[in-house]
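Worksheet: one structure, shown below.
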Amino acid sequence: MCWKVGLTATLFRPTAVLVAAGVALSACASDEKPSGKPSSSAVPSGSAPTNATPLQSRVMMQNSKVRVDLMGLERTSDKVVVARLRVVNQDGGDFTFGSTLSSLQQARADGEKLDANAVSAISLFDPANSRRHFPLMDGENKCLCTRYLAAPQLQAGHSIELTAAFPAPPANVGKVTVLFPNAAPFTDVPVGNRPGAMMTVEKEQQIDPANTPTKAPRVLPVAALTENATGVEEDRGGDLRVRVSSDVLFALNKADLTPRAQDVLKEVAAKIDRSPGNTVTIDGHTDNSGNDGINGPLSERRAQSVQRALQKLVTRAGVTYQSKGHGSSQPVASNDTDRGRALNRRVTVSFARPRPATAPPSGPAASGTGKIVQRIQGTPPKGYTGDWPRNARVEIGSLRRSSEGYATLSWTVFNDDSKTLNVDRVFTGLSLSEGYFGFGVNGVSLENGKLRYRVLRDEDSNGLGSSFTVMNPQVGELTQGESLTLTAMYKIPAEISTVTVDLPGFGKAQNVPVQ
């Protein structure tokens, strides 16, 4: 295999990592003129053949003429699965990924550095267990994936092959979602078997991923957040965490339940009655107002008040309760804003995820009635900086549900104004105020009745949607005549056939069908 190597410097937005000297690679040009088709250059042994039929294909957010093909996803052992992808540049010019393919995080929770000069941002989402799997790391903290691609350049008419090894999902998981940065998710991907297969990680270097010593796997829980008038529910696959606002349950600085609290806790008790588990954990939390001498005991008393109420309301026998106060030590949002402090004042009730209630008979699949278009509003959303264009629009593409119930929303932003539209600043929304990491599309939500569904979020607070922190800054800035297609993932109940899409800066798109 032949590579073109160069030295680049990529600067991210303020919340992202600075990559001072990434290595740019592209497939070497042939003597023939680019044809807009994949090149027929040799593929490293152990990779999927270049001319193989892809399982699925997606286009890159930055350029619809650059295609990502998922060539295969295979278990090479009971502990490892390997994803094989191909990126094809069918544009007339070179395509630069920037830092798209490298991991956002500067370090893992345990302090270990991640491999920035590799395709370490590709991940797998196991929807059956609500877990996100990141590439394995060897003993030298190098990614078991294609390396030295922090800022690759792909020449017109050429393609590159990418591989990444992941900790395998449980043996009974037959399908997963493959998340490729800034392309729509590959959903319902079958997991094949290829025991003992080799993979190429660097130039011609091949490794056996099943027998390479690795660090502890990085597998993060993914939460589906549903907001209601009293708080937030976090569905984490195995367990459900019901966060009830202390402002609903208690008077200021008090631990006695309000009359309204009884109705709220009746709904929580009904979910516990449907739970297959027998342990309920109650955790009290405060914001950082006051001091620990006050906040700790107050949060403890509040947790105990909720426990006593639930013990009376839950109807099934054999349930045990554990309550504890944490004061202000475990915030879920920034304490620098009124909104964030309100979210941090809470009591969280955790238990095994309830069995789904019997769903009503399903009717015919929802169908669109034509293109759904939202025009830009007269004033920018809170936090937007720069001149606000008055002539821009959003077109809803689709909202498609996978076999596991997770839905992917796609929409395209068009700027028809002479003023630049900073897309990242429009849709970021919740990144700083409510615990999401970086700049992305976390402010775009789905509504149905009194419920609001948020973008899926992993335990490191990364939203499962388009992100701008891993791209060149200019990509999120649309000048006149430019457009950008974005995606985000949600979990919505099976009985819901239409939703309202709330798009910051563009208002609400009504009656969007779930397909």
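Both backbone and side-chain heavy atoms feed into the values below; hydrogens, waters and symmetry mates do not.
Each of Asp458, Leu124, Leu179 was scored for a side chain to side chain contact (heavy atoms under 4.5 Å, CB included) with Phe134, with one residue passing: Asp458. Exactly one residue among Val264, Val268, Leu249 makes a side chain to side chain contact (heavy atoms under 4.5 Å, CB included) with Thr230. That residue is Val264. Exactly one of Pro209, Pro167, Pro217 qualifies for a side chain to side chain contact (heavy atoms under 4.5 Å, CB included) with Val80. That residue is Pro209.
Put simply, the side chain of Tyr453 reaches to within 4.5 Å of the side chain of Pro493, judged on heavy atoms. Looking only at side-chain heavy atoms (C-beta outward), Val176 and Val81 stay at 4.5 Å or farther from each other. At least one side-chain heavy atom of Thr487 sits less than 4.5 Å from a side-chain heavy atom of Ser410. At a threshold of 4.5 Å between non-hydrogen side-chain atoms, the residues Val68 and Phe186 count as touching. Residues Asn344 and His285 are not in side-chain contact: their nearest non-hydrogen atoms beyond the backbone lie 4.5 Å or more apart. You'll find the side chain of Phe180 reaches within 4.5 Å of the side chain of Leu162, heavy atoms only. Residues Glu233 and Asp235 fail the side-chain proximity criterion, which asks for heavy atoms closer than 4.5 Å. The closest side-chain heavy-atom distance from Phe351 to Val314 is not below 4.5 Å.
Not a single donor-acceptor pair under 3.5 Å links the side chain of Tyr406 to the backbone N or O of Leu456. Within the 3.5 Å criterion, the main-chain N or O of Thr187 finds a donor-acceptor partner in the side chain of Gln56. Of the possible polar contacts, one joining the Arg316 side chain to the Ser275 backbone as a donor-acceptor pair under 3.5 Å is found. Under the 3.5 Å distance criterion, the side-chain polar atoms of Asn415 are matched with a main-chain donor or acceptor of Leu478. No side-chain donor-acceptor contact under 3.5 Å links Asn422 to the backbone of Gly476. Using a distance-only test at 3.5 Å, with no hydrogens or angles considered, a donor-acceptor pair links the side chain of Arg353 to the main chain of Gly237. When atom types are taken as modelled, the side chain of Thr163 and the backbone of Thr200 share a donor-acceptor pair closer than 3.5 angstrom. Although no hydrogens or angles enter the test, the distance criterion places no donor-acceptor pair under 3.5 Å between the side chain of Ser497 and the main chain of Pro513. In terms of modelled atom types and a separation under 3.5 Å, the side chain of Glu404 and the main chain of Pro127 share no donor-acceptor contact. Panel note: side chain Ser130, backbone Val222; a donor-acceptor pair is recorded below 3.5 Å.
Ser120 and Pro135 get closest at one heavy-atom pair: O-CD, 3.6 Å. Residues Phe166 and His133 approach most closely at CD2-O, 3.5 Å, considering heavy atoms. Minimum heavy-atom separation, Ser159 to Val88: CB-CG2, 4.0 Å. Of all the heavy atoms in Met61 and Thr485, the pair that sits closest is CG-O, 2.9 Å. Taking all atoms of both residues into account, the shortest heavy-atom contact from Gly507 to Gln377 is CA-NE2, 3.3 Å. Nearest heavy atoms, Pro331 versus Asn335: CB-ND2, 4.0 Å.
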Do Thr212 and Asp138 pass the side-chain hydrogen bond (donor to acceptor under 3.5 Å, both in side chains) test, and can you show the C-alpha distance, the side-chain angles, and the key distance before you say yes or no? CA-CA 7 Å; Thr212 300; Asp138 68 15; over 6 Å; no
For the pair Asn448 and Ile492, evaluate side chain to side chain contact (heavy atoms under 4.5 Å, CB included) and give the outcome as yes or no after the intermediate values. CA-CA 9 Å; Asn448 185 270; Ile492 50 180; over 6 Å; no
Given the rule in the side chain to side chain contact (heavy atoms under 4.5 Å, CB included) test, do Met137 and Cys143 qualify, once you have shown the distances and angles that lead to the verdict? CA-CA 4 Å; Met137 307 285 286; Cys143 178; 4.1 Å; yes
Side chain to side chain contact (heavy atoms under 4.5 Å, CB included), that's the test. Do Asp126 and Val219 meet it? Break it down for me. CA-CA 10 Å; Asp126 171 6; Val219 180; over 6 Å; no
Would you sort out whether Thr315 and Asp273 count as a side-chain hydrogen bond (donor to acceptor under 3.5 Å, both in side chains), showing the intermediate values? CA-CA 7 Å; Thr315 60; Asp273 279 332; 2.9 Å; yes
Is there a side chain to side chain contact (heavy atoms under 4.5 Å, CB included) between Arg84 and Glu74? Walk through the geometry before answering. CA-CA 9 Å; Arg84 305 174 191 278; Glu74 300 139 343; 2.9 Å; yes
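The distance from atom CG of Asn89 to atom CZ of Arg67, rounded to the nearest 0.5 Å, is 10.5 Å. The CZ atom of Arg401 sits 14.0 Å away from the OH atom of Tyr490 when rounded to the nearest 0.5 Å. A distance of 5.0 Å separates CD in Gln62 from CG in Asn182, rounded to the nearest 0.5 Å. Interatomic distance, Asn141 CG to Lys215 NZ, rounded to the nearest 0.5 Å: 5.0 Å. Distance CG/Leu486 to OG1/Thr412: 7.5 Å, rounded to 0.5 Å. To the nearest 0.5 Å, the span separating CZ on Arg132 from CG on Leu464 amounts to 4.5 Å.
In this structure, Phe427 and Trp411 have perpendicular ring planes: the angle between them is above 60°, well past the 30° mark.
Classification of Arg243 and Glu234 as a salt-bridged pair holds, one side-chain N sitting under 4.0 Å from a carboxylate O. Note on Asp287 versus Arg345: salt bridge recorded, some NZ/NE/NH1/NH2 to OD/OE distance being below 4.0 Å.
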Could you pull out all donor-acceptor pairs under 3.5 Å where a side-chain atom in residues 438-445 meets a protein atom, sequence neighbours excluded?
residue : atom : partner : partner atom : Å
Asn442  : ND2  : Ser431  : OG           : 3.3
Ser445  : OG   : Arg452  : NH1          : 2.6

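For Arg400, the CZ atom counts as loosely surrounded, since its 6.0 Å shell holds 12 or fewer non-hydrogen atoms of other residues, nucleotides or ligands.
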